[in-house]
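Working notes, beginning with the structure itself.
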Amino acid sequence: MRKNGFVLMLISLWLISACSSKQNFLGVQEEPKNVNRPSNPSLGAPQNAADVLSKEIEETTPKELKAYAEDQNYTQAIQEFKELLAENPNSPEINYYTAESYRKLGDLRSSAPYYEKALAAGYNSEELELNYAKALKAEEKYDEAKEVLSNYLGMASLEIYKERAERELANLEKLDSISLNVRNLDLKPLESINSEQSEYSPFFFNNKLYFVSTREETTFDRYDVPFSDIYSVDLNGLEPDENSITKLPELFNTANVNEGSIAFSPDGNTVVFAKGNPEGKKARRSVDLYFATKRNGEWSNPQIMPINNPSAWDTSPTFNQAGTTIYFASDRPGGYGGSDIYRATLNERGRWADVTNMGPQINTAEDEVFPYVSPDNKLYFASNGHAGFGMLDLFEAVNSGGVVTVKNLGPSFNSSSDDFGLVYSDFPFEGFFSSNRPGGSGGDDLYSFIDNSADLKKITYALKGTTYKIEEDSSQTILGEVRVKLLDSNEQLVDDVLSSRGGSYSFPIEPEKDYFLIAEKQDFFTTRKIFSTIGEGIPQEELVERFTEKVFTEDMALEPIVLEKAIVVPNIYYDLDKAEIRPDAAVELDKLVQLLKDNPNISIELSSHTDARAPDDYNLNLSQRRAQAAVDYIASQGIERDRLIAKGYGETQLINGCTNERVDECSEEQHQQNRRTEFKVTEYNKN
């Protein structure tokens, strides 16, 4: 990003800036290489103008200039450097440090002439040619960049820099091929949002566009730019309603602190955002991810996430479609170079953990930032390490059969400037991204796009089914006008419909999600099922028609509520002469607990029965203890005790002829039929 836009990358807010593993895009488990990290052009470490000034030119640098550099105030440093250059325009050191300062501010184009003078004056730095080539690339002087790198390879002494030069030269050779990836794109700046400052990192959710802006008057003294805050705006299609632009409340925006890169979970109940860079030298690396959860319509106070690294910038979060994985960018130690993309997952305790680097297919020795997972499980991100047109470009990564391919989105999306932060509002046709390309309002700007390319195809998903009644003989007949509810994995209502008189119902659903289906009708037990689309989506490249609908089918069968009718609870087993609830029995009783929760208007008797073996009194006592143990377990799971009656019948209600006189004639299977647990509805309140 140029000018003030890239300063925000320095302050981190865009770069610096129980579900199956199938929900995780790119199951990369490989640990990053333990490499010596080269200088990160967007992070200002480990070697930067400030460090060099304090170590190498103490005699020629005024104390004031040295102080600016040590505080990484590159804007002020450039002013001082220019005063020195007015007296000594060919100074190799000052030209080099001026170029470096511009580079740290993300203004590569302005750095080019200073790199050129430093090189011509014989300044010696292993990174000079590398950064000069990048500056030429940002100016679209690709042939000149190739020449600089080719010459540098003939004299490079450090292998790590030689490898970077070879990789960058190879990337430049790919420009002709990636230039062929042209889309029929309608690209439009969001002029009603963009200002003279920076607007970037869009996120679309519930017909609102969230974004980061530095439009506030209060400035971040270290970089002489305004603090960044998070805003939202209502959308009419892709058009923002200028009158609805709103700064998020203090819960998310703290005075004199930078916030940015917000993302909501698919169910809207979790939000993650980046926050950091309070004033003070010691605080410059305190950039972390924070999260908050929604309960009863209110957000909790944001808490710092356990996945942060205290020595790194952790930024630009996004969720997968199931809401169980977070992808984010971090420059933590042990990565492949500058900023890498990582993922973290929800563990069994509901906590974010298991941070994993996405591996060398995605990450390079440069910067990878702003991940976004599309509905068809592709990973979109920005990078200046893969083959691109200049600075940050937009890329798409696809995992096909375990083979990951990364593709530049081409010149329709990308420019020689920074292009980053892509999100879709209507995949794969419409969305938003950020860019500081020429012609904008200032700094970074937000753009909307419509992809009208003929090869694009869209898939929608639907869940359809029929509601049935379970008859006495266990057959099923159509049951119409049943209320069917679709809930998300957190049991929040997504939609509900009334099935037709013919019993049919339908819901639009999303890929890579878990759902609950609930069917209810008066005088019938409410029925519940688990339904999932995880791993069931169709990749867009496999679609044939422009519009495709994949239909899932799930029928719902309801059983009438009949007072005093015994219903067997299967698979409830006890150890010999014991009444304690075994783990396998608890699993079955949990189903009865759920039924009682779904049907709060019924009370039941839970009964236990034995076979005829052993004395009658012994069996009666044992069955009562077992029935009571089952009731105690159900009550421990939150069911009111006044809805439960425990009753042991011993061997008084045998369901076959295996009586005391015939116990030796019956098989073990027949005795097992008598050793059963049942429940029956004793009260039913229709109100």
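No close placement of the Phe432 and Phe449 rings is indicated, their centers lying 6.0 Å or farther apart.
The closest donor-acceptor contact from the side chain of Asn363 to the backbone of Tyr336 lies at 3.5 Å or more, if one exists at all. In this structure, the side chain of Asp288 does not engage the main chain of Met305 through any donor-acceptor pair within 3.5 Å. No donor-acceptor pair closer than 3.5 Å links the side chain of Thr254 to the backbone N or O of Val257. Listed for the Asp331 side chain is no donor-acceptor partner under 3.5 Å among the backbone atoms of Gly338. In terms of modelled atom types and a separation under 3.5 Å, the side chain of Glu80 and the main chain of Gln76 share no donor-acceptor contact.
By the ring pair (Phe, Tyr, Trp, His ring centres under 6.0 Å) test, Phe273 is found to be paired with Phe252, residues two or more places apart in sequence or in another chain being considered. In this structure Tyr210 satisfies the ring pair (Phe, Tyr, Trp, His ring centres under 6.0 Å) test together with Phe264, sequence neighbours excluded. For Ser192, the side-chain hydrogen bond (donor to acceptor under 3.5 Å, both in side chains) criterion is met by no residue, not counting sequence neighbours. Qualifying ring pair (Phe, Tyr, Trp, His ring centres under 6.0 Å) partners for Tyr114, counting only residues two or more places apart in sequence or in other chains: Tyr102. Every side-chain hydrogen bond (donor to acceptor under 3.5 Å, both in side chains) that Glu140 has, sequence neighbours left out, goes to Ser416.
Ser434 places a side-chain heavy atom less than 4.5 Å from the side chain of Pro202.
Screening Asp267, Val271, Thr325, Val272 against Phe319 for a side-chain contact (heavy atoms from CB on, under 4.5 Å) leaves a single residue, Val272.
The aromatic rings of Tyr132 and Tyr115 sit tilted relative to each other, their planes meeting at an angle between 30° and 60°. Ring planes of Phe413 and Phe433: tilted class, angle from 30 to 60°. Between Phe420 and Tyr200, the angle of the ring planes lies from 30° to 60°, which puts this pair in the tilted group.
The existence of a salt bridge linking Arg215 and Glu196 is excluded, since no basic side-chain nitrogen approaches an acidic carboxylate oxygen closer than 4.0 Å.
Atom CD of Glu191 has 12 or fewer heavy atoms from other residues, nucleotides or ligands within 6.0 Å.
Under the salt bridge (Lys or Arg N to Asp or Glu O under 4.0 Å) criterion, the residue pairs touching residues 383-397 are Glu396-Lys407, with sequence neighbours excluded.
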